[in-house]
Amino acid sequence: MNTWKNLKLGTVLAVMIAATLVAMGAKAAEASQLSGDARASIPKDVQQIIVVDYKAMQNSPAAMQLKDRVLPPELKRLENALTTSGLKVDQDCETLAFAAFRVGTGTRIIGVAQGQFQNQSILANFAKQKIKPVMVRNTPVWPMGSAGMSVAFLNQTTMIFGDREALRDALDARDGLAPNFLQNGDMMNEMAMVDIRPVWSLLDQKGTQTMMKSVMGDASQLADFDTVKNRMRSARYTLDFGNGVKFNMTVVMSDTTTAALAATVMKGVVMMKKSGGSPLEKSALDETNVESSSGTLTVDYSSSDRQFADLLTSPLFQQVVR
């Protein structure tokens with residue numbers, strides 16, 4: 001099963017944003033950048049990567065409310081494994097990333113945590129609990145509890161975690177036995193446009209098509225959507241909780257005409273949602289800006305924390321996240 005199908009916007013919101021078209025633009029804040037070691041540990045064929053300023057997210061009630069409502073089971077499992085493992089990630093983690101990468105016809109997920117970790121104390125705790133690692137070449141891979149998750153420390157500031165198979169893939173990429181994210185030229189170029197933001201995500205063509213099908217809802221059954229879908233190239237979005245809730249999504253199309261058609265279809269979805277929405281939902285959709293320019297589709301939205309909290313309880317939101 002393609003587990004990433006349910007992770008398309010994960011911790012970063014767009015499960016709600018997509019179907020309600022409540023998209024939130026990005027404002028300058030603390031950046032969420034991945035180190036060279038972190039990038040090298042992510043296999044090349046990434047379908048989607050989500051990177052979060054973990055401290056900023058924890059300091060935002062709006063971000064935590066949304067995360068609690070829409071975080072998919074696969075990501076909850078990863079995050080819970082960290083927070084219950086005694087690694088003190090809540091205290092020490094500064095940046096948290098999840099990457100879904102293709103393996104054959106499916107996907108696997110690898111997590112990356114960056115921060116100032118007390119590695120010696122952690123290893124001493126493992127020894128005290130008589131936890132023994134599995135060696136992958138020269139790197140110990142430590143089991144975390146009973147959830148089937150493992151963790152490996154790349155250095156003092158970077159750890160990777162996930163299922164054992166995903167960790168082995170990550171270490172193969174880090175050790176040069178398989179291509180890694182640094183060799184993915186398209187995504188590296190896209191990353192330079194977004195990693196100055198506190199929360200950002202990149203999707204490849206297949207990931208973009210999956211996300212946009214969810215965004216379009218019933219409109220994805222229209223013939224025009226098939227035309228649009230086959231000409232999608234990639235997508236990126238950024239999010240900021242620093243002053244209200246703000247999001248920007250950009251979908252790269254193959255040509256200007258297709259981008260304009262995609263914008264037309266999405267505007268139609270907005271109108272359809274408005275026709276059956278509450279006053280709060282209609283107000284949010286009124287503030288949604290859908291445009292196309294130079295072969296790209298853009299969606300922008302911003303709201304106050306209070307407006308966003310109210311929107312989380314709206315019937316339309318509840319319908320989206322069921």
Side-chain angles (χ1 to χ4, degrees), residues 1-15 17-19 32 34 38-52 70-79 95-113 149 160-174 178-195 197 199-216 220 225 228-239 249-254 262 296-297:
M1 181 179 69
N2 187 339
T3 57
W4 195 248
K5 181 178 180 181
N6 297 322
L7 303 179
K8 45 192 170 290
L9 297 170
T11 38
V12 197
L13 291 192
V15 170
I17 295 165
S32 296
L34 293 177
R39 297 177 192 183
S41 69
I42 298 172
K44 177 184 178 182
D45 292 329
V46 170
Q47 183 166 316
Q48 182 174 9
I49 182 170
I50 298 172
V51 183
V52 180
V70 304
L71 190 66
E74 293 87 348
L75 294 190
K76 284 183 179 178
R77 182 167 164 255
L78 283 178
E79 188 182 46
T95 300
L96 191 61
F98 298 100
F101 57 93
R102 291 189 297 275
V103 178
T105 58
T107 59
R108 289 178 181 154
I109 303 170
I110 187 72
V112 181
M149 310 298 292
I160 55 176
F161 57 98
D163 292 332
R164 186 174 297 175
E165 294 82 1
L167 255 66
R168 185 174 291 276
D169 291 336
L171 291 172
D172 285 349
R174 192 276 308 265
N180 63 44
F181 189 65
L182 289 166
Q183 297 165 286
N184 188 328
D186 290 341
M187 281 204 169
M188 289 296 293
N189 290 335
E190 292 278 326
M191 185 172 65
M193 303 179 191
V194 295
D195 72 351
R197 304 303 185 183
V199 178
W200 55 270
S201 181
L202 304 174
L203 300 95
D204 72 353
Q205 184 175 38
K206 185 174 181 180
T208 299
Q209 291 171 343
T210 300
M211 178 187 72
M212 292 302 291
K213 183 176 182 180
S214 176
V215 169
M216 296 297 188
S220 66
F225 178 74
V228 170
K229 182 186 73 172
N230 293 330
R231 296 178 183 176
M232 295 172 183
R233 293 292 178 261
S234 63
R236 58 185 183 269
Y237 61 85
T238 59
L239 175 68
M249 181 172 69
T250 299
V251 181
V252 180
M253 303 291 186
S254 63
T296 63
L297 166 71

Student: If you compare all heavy atoms of Ser41 against all heavy atoms of Pro43, which two are closest, and at what distance to 0.1 Å?
Tutor: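 Closest approach of Ser41 to Pro43, heavy atoms only: O-CD, 3.6 Å.
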Student: List in chain and number order the residues that pass side chain to side chain contact (heavy atoms under 4.5 Å, CB included) with Ala235, two or more places apart in sequence or in another chain; answer none if no residue qualifies.
Tutor: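 Ala235 satisfies side chain to side chain contact (heavy atoms under 4.5 Å, CB included) with Leu203, Thr208, Met211, Val251 once adjacent residues are dropped.
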Student: Rounded to the nearest 0.5 Å, what separates atom CE in Met191 from atom CG in Asn189?
Tutor: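 Separation between the atoms: 9.5 Å.
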Student: The test is side chain to side chain contact (heavy atoms under 4.5 Å, CB included); show your working for Ile42 and Phe101 and say whether it passes.
Tutor: CA-CA 8 Å; Ile42 298 172; Phe101 57 93; 5.5 Å; no
Student: Report the C-alpha distance between Val199 and Tyr237 in whole Å, list the side-chain angles of each, state the deciding distance to 0.1 Å, and finish with yes or no for side chain to side chain contact (heavy atoms under 4.5 Å, CB included).
Tutor: CA-CA 8 Å; Val199 178; Tyr237 61 85; 5.6 Å; no
Student: Looking at every non-hydrogen atom in both residues, tell me the closest pair between Gln183 and Ala178 and how far apart they are.
Tutor: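 Scanning both residues, the minimum pair turns out to be OE1-O, 4.3 Å.
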Student: Looking at Asp204 and Met187, what are the two nearest heavy atoms and their distance?
Tutor: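 Answer, listing the atom of Asp204 first, then Met187: N-CE, 3.3 Å.
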Student: Ignoring hydrogens, what is the shortest heavy-atom contact between Met253 and Val228? Give both atom names and the distance.
Tutor: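 Smallest interatomic distance, heavy atoms only, reads CE-CG1, 3.8 Å.
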Student: Atom CG in Asn184, atom CD in Glu190: separation rounded to 0.5 Å?
Tutor: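 Those atoms lie 10.0 Å apart.
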Student: Heavy atoms, side chains only, cut-off 4.5 Å: are Thr107 and Arg102 in contact?
Tutor: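 In contact.
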Student: Rounded at 0.5 Å granularity, tell me how far CE in Met212 sits from CG in Leu297.
Tutor: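 The CE atom of Met212 sits 5.5 Å away from the CG atom of Leu297.
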Student: Got a sec, which residues hit side chain to side chain contact (heavy atoms under 4.5 Å, CB included) with Thr296, two or more places apart in sequence or on another chain?
Tutor: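 Only Thr250, Val252, Thr298 meet the side chain to side chain contact (heavy atoms under 4.5 Å, CB included) criterion with Thr296.
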Student: Does any N or O in the side chain of Gln205 come within less than 3.5 Å of the main-chain N or O of Met232, such that one atom is a donor and the other an acceptor?
Tutor: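 Checked: pair present.
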Student: With rounding to the nearest 0.5 Å, note down the distance linking CE in Met149 to CG in Asp163.
Tutor: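 Going from the CE atom of Met149 to the CG atom of Asp163 covers 5.0 Å.
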Student: Check side chain to side chain contact (heavy atoms under 4.5 Å, CB included) between Met193 and all other residues, then give those that pass, not counting sequence neighbours.
Tutor: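 Partners of Met193 under the side chain to side chain contact (heavy atoms under 4.5 Å, CB included) test: Arg236.
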Student: Which residues satisfy the side chain to side chain donor-acceptor pair (under 3.5 Å) test with Gln209, sequence neighbours excluded?
Tutor: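 Listed in chain order: nothing, the list is empty.
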Student: Quick one: salt bridge (charged side-chain N to carboxylate O under 4.0 Å, His left out) partners of Arg231, sequence neighbours excluded?
Tutor: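 With neighbours one apart ignored, the set is empty.
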Student: Where do Thr238 and Arg197 come nearest, in terms of heavy atoms and distance?
Tutor: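 For Thr238 versus Arg197, the nearest heavy atoms are CG2-CG, 3.6 Å.
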Student: Taking the side chain as every heavy atom from C-beta outward, state whether Asp195 and Leu34 have any atom pair closer than 4.5 Å.
Tutor: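 Side chain of Asp195 against side chain of Leu34, heavy atoms only: no contact under 4.5 Å found.
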Student: Let me have the donor-acceptor pairs involving side chains of residues 165-174, under 3.5 Å, with sequence neighbours excluded, atom names and distances please.
Tutor:
{"residue": "Asp169", "atom": "OD2", "partner": "Arg108", "partner atom": "NH1", "Å": "2.6"}
{"residue": "Asp172", "atom": "OD1", "partner": "Arg137", "partner atom": "NH1", "Å": "3.1"}
{"residue": "Asp172", "atom": "OD1", "partner": "Arg137", "partner atom": "NH2", "Å": "2.8"}
{"residue": "Arg174", "atom": "NH2", "partner": "Thr139", "partner atom": "OG1", "Å": "2.7"}

Student: Compare every heavy atom of Phe161 with every heavy atom of Ile110, then report the nearest pair and how far apart it is.
Tutor: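 The pair with the smallest heavy-atom distance is CD1-O, 3.4 Å.
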